[in-house]
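Structure first, then comments.
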Amino acid sequence: MTETKVDKKPGFDHTLVDAKWQAQWERDQTYATPTDRTKPKYYILDMFPYPSGDGLHVGHPKGYTATDVVARAKRMMGFNVLRVMGWDSFGLPAERRAERTGEHPSVITERNIGIFKKQLQRLGLSYDWSRELATSDPRFYKWTQWIFRMMFERDLAFRAEMPVNFCPALGTVLSNEEVHEGKYVETGDPVERRLMHQWVLKITQYADKLLDDLDGLDWPSGTMTKQRDWIGRSVGANVKFGVVGSDEKITVFTTRPDTLFGGTWVVLAPEHPLVDAITTPEQRAAVAVYREEVGKRSERERTMEAADAPKTGVPTGAFAVNPVNGAHIPIWIADYVLASYGTGAVFACPAGDERDHAFATKFGLPIVEVVTGSPDVQKEPFTGDGPHVNSGFLDGLRNEEAKTKVIAWLAERGLGEASIRYKLRDWLFSRQRYWGEPFPLIQRQDGSFEAVPEGQLPIVLPQIDEYRPTRDGKPPLARAEAWLKATDAAGQPATRETNTMPQWAGSCWYYLRFLSPQRDDVAWDPEEEKYWMPVDLYVGGNEHAVLHLLYARFWHKVLHDAGLVSTKEPFPRLFHQGMVHKTSYRSAAGKYFHAHEVEQRDGQWVVKETGEPVETKLDKMSKSRYNVVNPDDLCAEYGADAVRLYELFMGPLEDGVEWDTKGVPGTRRFLDRVWRLLVDPETDALSGKVGDLGGDNRELERTLHAAIKKVTAAVADLRFNTAISEMMVFVNVATPAAAIPRPWFEAFVKILAPFAPHVAEEIWQRLGHTTSITAEPWPAFDEAKLARDVLHIGVQVSGKLRAQIEVPSDATEQAILTAAKAADGVQPFLAGKAIKREIYIKGRLVNLVV
RNA sequence: GCGAAUGUGGCGGAAUUGGUAGACGCGCUGGAUUCAGGUUCCAGUGGGUAACACCGUGGGGGUUCGAGUCCCCCCAUUCGCACCA
């Protein structure tokens, strides 16, 4: 913006005020973390960002501003606040840029961090920057390696050859959590299954704790549900089916052992190891054809088709023996049974399972009702609870009793036992990338691995000339020939592990490093951990509902078992801020356009220059979509405080919104109105309106206390939009007032300060104070001051509003009813009718029923 | 297909949880200040009407003196999950 400043200033000069106070806070170390231990603590944490080359857009500060308001208010409320920021700075984008430009990823990362940090500081966020950290800093990842080493020593990390998700475009494997519908969730690149040697963390060992400990958390319920579903605990039984004419046994896993009497066939996954052994000669050809068909279709295709796909399968020709009734039932193979879950084999009870029912219908297999409750199990399966029938010793029992009884019955005979299964798989923890933490491991000559001694940490990333995998498919670190050479504990030559850790590693524990970021002798100080942990409020996007939040909980529980942290859970309270969207404009060819390049003609959006139609979509903000709004520009034009206020004023914090820059002048106007209550814009001197007079303005006092109450509650509940409204109401009442008592105005400035710290400091100073408003105690509200002198009562006749009356707040019910009946708008509707009922809702309305 | 959430003026959103729908802001209209634009201030702003009436919280039913709020049935949008036995 080059336009000249208007001569008459309507309010304060944000350029001067923002710079002045940001400099002063830095000089005074206003936001340094307190070291005394006399006050209660409050650890408030933002999910730290990956410092991308795009820089910050207005979506980022939404959550950061919210936590900043809470942090500032909590300081004023007498808490020691830990408020910190860091960088999740290992990751793919920097590495890919390095591949293109040859620049080292650390250089790229450092530059991006500089940009991000400057942008955050421009907003006046009250971070203790002396605790800044970056996961790609050796001083940090030394301890990531240290924790991994501990996990390795505790047998929680192992190397295995297993089918893994391999992404050819990235040249690396990925975890289950990073793959959705056969694609990498970040980039959409296709992923395939490959058998590879990889490092795995035993997260499944913690499945129960990760599930059970969700119960005490104050988290969004949707996120807890996602974690529960991801862990996917199923309680059931393993049941052994004999094979007719063979010694082989087929073990199936089922959650419904009570329906065993309705089991009319058995299905093996096509990959099941017993298939070859049991298939009869007549069926061999058909089975071979089917298995080949299935093998051709990728995992992705198989999962994409999902539940409503038509069922396929072929019989093996062999028969199984149903253990509960000795019935001989056919054994099929079908791809709706997954080799990777349970035992890779199921028994089918079509009367009680939709998939089995669909299969039975398609292949004409028998359906036997075992649980009563459905009108016709031949047509519809019944999955609910009910008395059992056709079930021998289970007849008459309901589901749960039947399950217990049949499991006991099977166990007595060695035919089965209770079993619990999880959907959660162990965490594939190695990546074939350069820009990540090297594993603190060396491989001995015999192929086994040992951890490097603690004293040798960190294992620093070597410099290499190219960041791609080697020609023979080894990870990039294999290029560092000198670095590879190591010596094992026995003094023999050994080789360093060349995989690196996934990006999630650093974020699994960064919240602990913030406690003692300067210490190089420990990961964190145990005394600091005892004081500050757990994180009292954790705020970030819900895109991490499973990945980061599950991984971090897992590491935390491992650390807890190792006696290194004092709490079972790291984040007892979690809040997701909603995403900020912006319309994007894309042509049929896939090219994006800036908003100023398009216009609407006859209801159709087109490119101004060419008239080419474009598709509009409410989209994530990103540079590649040309829909980014930069907070720096807004701060320059309206000041940081107006931007902060608007971020929170847009709507509820948890909701997604479309960014609309037109709203920012509104919050700026509000701040100017606050400013003018104190300062005469003509002279820049105090206007004298704030002073000793005006104490008889009950309405002004009431709105002040209403605002204090609302803002105080907002800090607890993270509901800022209505709190800002309430402050606006105060200013709307104060503006026409002839005088404002100084204590009232000061209380107001204090509750405004967390939202608009720069202008609040400036006002505070002009009020004659010499210390920062950030150290002022939080004002209290008086419930008695919230009462109105005059009540406005709505008067309804038979439920329809007809009039409004004003009565003194101490009026009796009798007096109010009399006034209501006499009210102008009411009379015509009462004329000639008898009042059947009179309802009075205290202080709100009267309803006269005729 | 299953599950969850959401649906209120031209727009973002309020509504003390069954009690005066539309707080606050944006936008818009009119007026004052101003040479003018901008700024600021005042008034207005759900639809409708000259004014009433009347109609209004996605649609349709219901409970109630009274429903945005509770119940039932639809519709739409968004987000998850997707053969997990």
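Quick note on labels: first sequence line is chain A, next is B, and so on, each numbered from 1.
For B/U34, the glycosidic angle deviates from 0 by more than 90°, giving an anti base. B/G9 takes the syn form, because its glycosidic angle lies no more than 90° either side of 0.
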Dump every N/O contact between nucleotides 48-55 of chain B and the protein below 3.5 Å, one line per pair.
unit_1: B/C54; atom_1: OP1; unit_2: A/R802; atom_2: NH2; d: 3.4
unit_1: B/C54; atom_1: OP2; unit_2: A/R802; atom_2: NH1; d: 3.2
unit_1: B/C55; atom_1: OP2; unit_2: A/K800; atom_2: NZ; d: 3.3

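Listed nucleotides B/U40, B/G25, B/A21 differ in distance to A/L801; the shortest reach to its side chain belongs to B/A21. Ranking B/G19, B/C24, B/A85 by closeness to the A/I839 side chain, first place goes to B/G19. Taking every side-chain heavy atom of A/S725 into account, B/C24 is the closest of B/A85, B/G80, B/C24. The A/R673 side chain lies nearest to B/C41 when the options are B/G13, B/C83, B/C41. Comparing B/A85, B/U20, B/C41 by their closest approach to the side chain of A/Q804 singles out B/U20.
Contacts of A/F253 classified as ring pair (Phe, Tyr, Trp, His ring centres under 6.0 Å), with partners at least two apart in sequence or in another chain: none.
Between A/N721 and B/A14 there is a side-chain polar atom (N or O) within less than 4.0 angstrom of OP1 or OP2. Contact between the side-chain N/O atoms of A/H180 and the OP1/OP2 oxygens of B/C81 is found at a separation under 4.0 Å. Dashed line: the shortest gap from a side-chain N or O of A/R669 to OP1 or OP2 of B/G27 is under 4.0 Å.
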Enumerate donor-acceptor pairs with a distance under 3.5 Å from any side-chain N or O in residues 715-730 of chain A to protein atoms, sequence neighbours excluded.
unit_1: A/D717; atom_1: OD2; unit_2: A/R719; atom_2: NH1; d: 3.4
unit_1: A/S725; atom_1: OG; unit_2: A/N721; atom_2: O; d: 3.2

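Across all strands, A/N847 comes closer than 4.0 Å to base atoms (heavy-atom distances).
A/K362 NZ: more than 12 foreign heavy atoms inside a 6.0 Å radius. Within a 6.0 Å sphere centred on CD of A/E380, other residues, nucleotides and ligands contribute 12 heavy atoms or fewer.
In this structure, B/C41 forms a base pair with B/G31, meeting either the Watson-Crick or the G-U wobble geometry with both donor-acceptor distances under 3.5 Å.
Salt bridge status for A/K709 with A/E783: present, with a side-chain N to carboxylate O gap under 4.0 Å.
Remark on RNA chain B: of its neighbouring residues A/K423 and A/G666, the 5'-side contact belongs to A/G666, judged by nearest-heavy-atom nucleotide.
Counting atom types as modelled, A/K662 pairs no side-chain N or O with a base atom of B/C11 as donor and acceptor under 3.5 Å.
The cationic group of A/R668 does not satisfy the cation-pi geometry with A/Y638, failing either the under 6.0 Å distance to the six-membered ring centre or the 45° limit from the ring axis.
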